K.L.:
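Starting off with a structure, shown below.
First listed ligand is number 1; within each ligand, the first listed atom is number 1. Since this is a predicted model, take the numbers as computed values, not measurements.
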Amino acid sequence: MDEVVRYTFRLRPGATAEAALLADWGWCRWLWNEAVHQCRTGRRPTFGKLSKLLTEARARSSWLRDGSQVAQQQTLRTYALALQHSFRVKGRGRPRVKRLKDALPSLEYTTRGFSIRERRLRLPGGVSIPVVWSRELPSDPTSVRVYQDCLGHWYASFVVRRDTAPAPDVEGAIGVDWGVTTTATTTDPAYDLPYLGHRKRCAAELAKLQRRMARRRRVKGAPPSSGYLRAKRQAAKVAKKAARQNIHDARVWAKKVVDDHATIAVEDFKPKFLARSRMARKAADAAIGAAKRELVDRGLRAGRRVVLVPPAFTTMTCSQCGTRAKDRLGLGVRVFRCDTCGYTAGRDRNAAGTILATAERGRAGADDVRHAITSFREVGEVRSEPEIPRLPAVGKR
Ligand SMILES: [Zn+2]
């Protein structure tokens, strides 16, 4: 079995190369914004139309001709795809204008535009950049995205094909409930993901840097001092480090869960809901969104049955007999007790059980419906694999 994935490496461009990258980004940004304006005036630009316009524009203007044609074309391709997704994928907005002050540089090159020679990345216009090869590429890359993050670091993300051993055949099913005290509570306590609080641990350091930023902030309109920018960068670095630790933990955990289970029922957690609550800060720290994304992606790639279960009523429904309690459990109540069958379990453990039971019921055929528990039917629609919006072919790594 082979799959298409991204391998990302750090780049160390010199001053000349960086200037060339930023110049290329300038042209691409301008083109993207042109396409956005085209769309706003009522024309719905397809990649074909945009591509033709680009060819004409490049013939007319020597200014555009100075930039890499491959990068410019890829920008329009990305734009057309983003526009298409905004119509088809639920919750995806229209592509927006990329502003100079907050859009981060991102350039795409196909094999016509880049090559790897002498372990360096060669881009159009004689740009050559050393790559930190932290691991070997499994095959020749078909395209590369060169981008800069909020810390100013440059990365190259190569699209490659790699052979993978098929995921081991396992039985087993697991239900996952997201929470704040324990990031993920599952039906099997051995697979819980505890709250590790990476952001909390560096909160004092972050607060110190933010105070420094506040001291060095100049009046509105004046250009920021270099000391302010330095503090801002350090604060961003601390925040980024915590985010990376969260992602790493989520990956290790998701791998363990996916390796050992054929069916994975996941609470369809909406981050916006918690973000509005009193627990917003802790919820952001637990990085539930990142863990969920990692689990769903990994499960789908391994060919597991992944089911997203809406969270409504999961905490107040008994996972053993399916009876729904009359009253909502208060947030302080940590133990669930069923009035009908007397089943007692931790609040989140019971919710995980209900999520799993709901997913199992989703698999039952029409004939099995009479065996299904009535309350589970009311829990809501079960969203199954095909509806999970995914970009085609490329799994983001
Ligand atoms: Zn019960």
K.L.:
Throw together a table of side-chain donor-acceptor distances under 3.5 angstrom for residues 222-242, partners on residues two or more places apart or in other chains.
P.N.:
{"from": "Ser225", "atom 1": "OG", "to": "Tyr228", "atom 2": "N", "distance (Å)": "3.1"}
{"from": "Tyr228", "atom 1": "OH", "to": "Arg217", "atom 2": "NH2", "distance (Å)": "3.3"}
{"from": "Arg233", "atom 1": "NH1", "to": "Leu151", "atom 2": "O", "distance (Å)": "2.2"}

K.L.:
Would you sort out whether Trp32 and Trp27 count as a ring-ring contact (aromatic ring centres under 6.0 Å, His included), showing the intermediate values?
P.N.:
CA-CA 9 Å; Trp32 176 283; Trp27 285 299; over 10 Å; no
K.L.:
Please indicate how many protein N/O/S atoms are found closer than 2.8 Å to the Zn ion (ligand 1), with waters neither displayed nor included.
P.N.:
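Atoms of protein N, O or S type lying less than 2.8 Å from the Zn ion (ligand 1) total 4.
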K.L.:
According to the interplanar angle, ranging from 0 to 90°, do the rings of Trp133 and Phe158 count as parallel (below 30°), tilted (30 to 60°) or perpendicular (above 60°)?
P.N.:
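Ring orientation of Trp133 relative to Phe158: parallel.
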K.L.:
For Phe336, is the NZ or CZ atom of Arg349 found under 6.0 angstrom from the centre of its six-membered ring and inside 45 degrees of the ring axis?
P.N.:
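Negative - Arg349 is either too far from the ring of Phe336 or too far off its axis.
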K.L.:
Should the pair Lys292-Asp268 be classified as a salt bridge under the 4.0 Å nitrogen-to-oxygen rule?
P.N.:
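Yes, Lys292 and Asp268 are salt-bridged.
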K.L.:
How close do Leu76 and Ser51 get, counting heavy atoms only, and between which atoms?
P.N.:
CD1-N, 4.5 Å
